[in-house]
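Structure record follows, encoded as structure tokens.
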Amino acid sequence: NQPLKVFASLDQRHIGMEGMSITTQNTDNSCALWGFKEDHVMLKNVRMHELSPKEYAIISITYLTNCDWDGLIIENFTTSRMGFLLINGYLAGIIRNSMFRNAISTYYSTQSWACPLVWVSVGESIIVENCIFANLTMADDDTEALSFGSMPNSTVQQHFTFRNCLFSNISCNERGLFVAANAYPEMNFYNCTFAGHTGNGEALMVNGNVTISNSIFYNDRSVEIAINPMDGTGIPTTLTLHNNLIRNGYSDIWQGIGSTVIYNTTNITGNPLFLGGDDIHNPLYYSLSSASPCIDAGTPDISGLSLLPYDLAGNMRVWNSVIDMGCFEFGAPPVVNDDPVIPQLSGSIYATNYPNPFNPETSIRFHLPVGGLTELGVYNLKGQLVRKLISADMAAGMHTVQWNGRDKHNQPVSSGMYLYRIESSKQQCMGKMVLMK
């Protein structure tokens, strides 16, 4: 059974995909994007789903030099070997606003090592921000779910940055996220949430010069954080933690030998008191309730964190002048849509939708500065009304309404870009959303 490669590229410079949805049928060995010796691969608003990776991952690229991925969704598959990503190369790139979710690896062997669901070898640097890694299961008891590392025998210092990311509901008997390199790497984890993990091992294993701040670790694991001893390399590790919630505090850190842990008094322990709800697979399950000790508990100075202006739900990243722990900001209004493609109308209504791109439904969250008659409609790019979602008197404050991707006749609409428009008290706001099937 030969693997099916939907797209293949060999020794190309500056290739890209935008606004696509990729899936396969009647194959048990399929790959969406395969490449060799690629330089600068751009993916924007691309969804890859219901594939069946085996010999190759859904995205498999050997010797990738640069990547720029924004709005990538890979989801809903079962694999007997490979996973979301298999990237071997001298990578310097960024992955932003992307989701890797709902995957099961059935591979199990007592003789060989299985492939993690994400396996990325970094040459220089990787930035992963506003991303979701959720609902992942590994049958093999000797492999982590997610792995970011360096090329073998690399002597170049690597830089790893994870900002505003959610790692949730990962079930495996090794570490959930493994980040390691040979040449004393720099690692930074800002405003990340590790929650709902089950199994043995650690939620996170690291080495090098590592800083973790404004993050939440709350899992059913033996320990939350471990330092990789890097046997035989002689690499010391300094792990600095401040303004984090760690389930059991310092006792949830495995230090190993020859490493240093700087555990600041601004770290807290206990239950983060997530918002919760009926669906643990919904990322907003891990947003904060009003009673959470993580609210306004982040570091007062965020100038060096280079965070995006929005949190994982598209709301203002800093609210009430102090940042919260984790990837969600409690009570914050949506960030104003400043996309130049969408005309910005007068007024002070703030709105966003999440997820975006989406399938099959999205939540439109908006803030009304004053109450009054409010209308919210969904339009196609011709300006035609697809469906009216709200026409009612509404109070000032935050509101959320869901659109299920159906028109006024309750029929599913086609993939593509749609606009939502909110009018209230002579104020208006418009935004765009992308349905990808």
Side-chain angles (χ1 to χ4, degrees), residues 122 124-129 131 144 146-150 156-167 175-195 197 201-219 221-231 233-270 272 293-294 296-308 317-318 322-327:
V122 176
E124 296 180 13
S125 66
I126 186 73
I127 297 173
V128 183
E129 59 185 0
C131 290
E144 60 270 4
L146 311 168
S147 178
F148 291 78
S150 61
V156 177
Q157 185 184 43
Q158 288 86 28
H159 297 260
F160 301 83
T161 301
F162 294 83
R163 288 192 288 252
N164 235 78
C165 293
L166 173 65
F167 302 88
R175 70 261 340 152
L177 173 62
F178 180 55
V179 187
N182 297 318
Y184 198 66
E186 293 280 340
M187 299 185 187
N188 296 286
F189 298 82
Y190 306 133
N191 286 92
C192 293
T193 298
F194 295 78
H197 297 206
E202 311 80 28
L204 173 66
M205 177 175 274
V206 292
N207 79 294
N209 185 22
V210 185
T211 299
I212 303 176
S213 63
N214 301 341
S215 295
I216 298 173
F217 292 83
Y218 193 74
N219 303 280
R221 290 274 186 167
S222 55
V223 297
E224 297 286 356
I225 304 168
I227 294 174
N228 181 13
M230 297 295 288
D231 294 340
T233 63
I235 299 175
T237 289
T238 299
L239 173 61
T240 302
L241 304 107
H242 59 86
N243 296 85
N244 304 289
L245 183 146
I246 303 174
R247 181 188 50 166
N248 295 314
Y250 191 89
S251 63
D252 257 334
I253 300 171
W254 187 80
Q255 183 172 346
I257 300 173
S259 60
T260 301
V261 175
I262 302 173
Y263 190 85
N264 198 287
T265 57
T266 56
N267 295 298
I268 60 176
T269 63
C294 300
D296 295 341
T299 176
D301 182 9
I302 65 167
S303 58
L305 306 188
S306 300
L307 293 164
L308 293 172
R317 180 58 274 192
V318 180
V322 183
I323 197 169
D324 296 346
M325 294 176 179
C327 52

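What you see below is based on every heavy atom in this structure, not just the backbone, and it leaves out hydrogens, waters and symmetry mates.
- Sorted by first and then second residue, the salt bridge (charged side-chain N to carboxylate O under 4.0 Å, His left out) pairs involving residues 179-195 (not counting sequence neighbours) form an empty list.
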Report task. Apply the test side-chain contact (heavy atoms from CB on, under 4.5 Å) to residues His242 and Thr211: give CA-CA distance (whole Å), side-chain angles for both, the deciding distance (0.1 Å), then the verdict. Result -> CA-CA 8 Å; His242 59 86; Thr211 299; 4.2 Å; yes
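- Put simply, the side chain of Arg221 never gets that close to the backbone of His197: no donor and acceptor are under 3.5 Å apart.
- A search for salt bridge (Lys or Arg N to Asp or Glu O under 4.0 Å) contacts involving Arg317 returns Glu329, not counting sequence neighbours.
- For Asn214, the side chain to side chain donor-acceptor pair (under 3.5 Å) partners are Asn191, not counting sequence neighbours.
- Looking at Gln158, its side chain never comes within 3.5 Å of a backbone N or O of Gly149 through a donor-acceptor pair.
- Evaluation of the side chain to side chain contact (heavy atoms under 4.5 Å, CB included) rule for Ile268 yields Leu245, Pro293, Met325 as partners, not counting sequence neighbours.
- Atom CG of Leu307 is separated from atom CD1 of Ile302 by 5.5 Å, given to the nearest 0.5 angstrom.
- Counting heavy atoms from C-beta outward, Phe189 and Asn244 have side chains that stay 4.5 Å or more apart.
- Ala203 approaches Asn219 most closely through the heavy-atom pair CB-ND2, 3.7 Å.
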Query raised in the report: Would Ile227 and Val261 count as a side-chain contact (heavy atoms from CB on, under 4.5 Å) if you check the C-alpha gap in whole Å, the side-chain angles of each, and the deciding distance to 0.1 Å?
Result: CA-CA 9 Å; Ile227 294 174; Val261 175; 3.9 Å; yes
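- Remark: Tyr190 pairs with no residue by the ring pair (Phe, Tyr, Trp, His ring centres under 6.0 Å) rule, at least two apart or across chains.
- Residues Phe160 and Ala180 approach most closely at CZ-O, 4.2 Å, considering heavy atoms.
- Counting only residues at least two apart or on different chains, no salt bridge (charged side-chain N to carboxylate O under 4.0 Å, His left out) pair has a member in residues 297-306.
- Partners of Tyr263 under the side chain to side chain donor-acceptor pair (under 3.5 Å) rule, at least two apart in sequence or in another chain, do not exist in this structure.
- The structure places CD1 of Ile262 at 6.0 Å from OG1 of Thr238, a figure rounded to the nearest 0.5 Å.
- With sequence neighbours excluded, the residues forming a side chain to side chain donor-acceptor pair (under 3.5 Å) with Gln255 are Tyr250, listed by chain and number.
- With sequence neighbours excluded, the residues that form a side chain to side chain donor-acceptor pair (under 3.5 Å) with Thr266 are Asn243, Asn264.
- The distance from the OG atom of Ser150 to the CD atom of Gln157 is 11.5 Å, given to the nearest 0.5 Å.
- For the atom pair OG of Ser303 and CG of Leu305, the computed distance is 7.0 Å after rounding to the nearest 0.5 Å.
- For the pair Leu177 and Phe148, the minimum side-chain heavy-atom distance is below 4.5 Å.
- The two residues Asn207 and Pro185 come nearest to each other via the heavy atoms O-CG, 3.5 Å.
- For Val322, the side chain to side chain contact (heavy atoms under 4.5 Å, CB included) partners are Asp296, not counting sequence neighbours.
- The shortest non-hydrogen separation linking Ile212 to Ile225 is CD1-CD1, 4.0 Å.
- Phe194 meets the ring pair (Phe, Tyr, Trp, His ring centres under 6.0 Å) test with Phe167, Phe217; sequence neighbours excluded.
- Heavy atoms only, all atoms of each residue included: Thr237 and Gly208 are closest at OG1-N, 3.0 Å.
- No side-chain donor-acceptor contact under 3.5 Å links Ser215 to the backbone of Gly326.
- Atoms SG and CD, from Cys192 and Glu129 in turn, are 10.5 Å apart once rounded to the nearest 0.5 Å.
- Residues satisfying the salt bridge (Lys or Arg N to Asp or Glu O under 4.0 Å) criterion with Arg247, sequence neighbours excluded, are Glu224, Asp252.
- Pairing each heavy atom of Pro272 with each of Cys294, the nearest pair is CB-SG, 3.9 Å.
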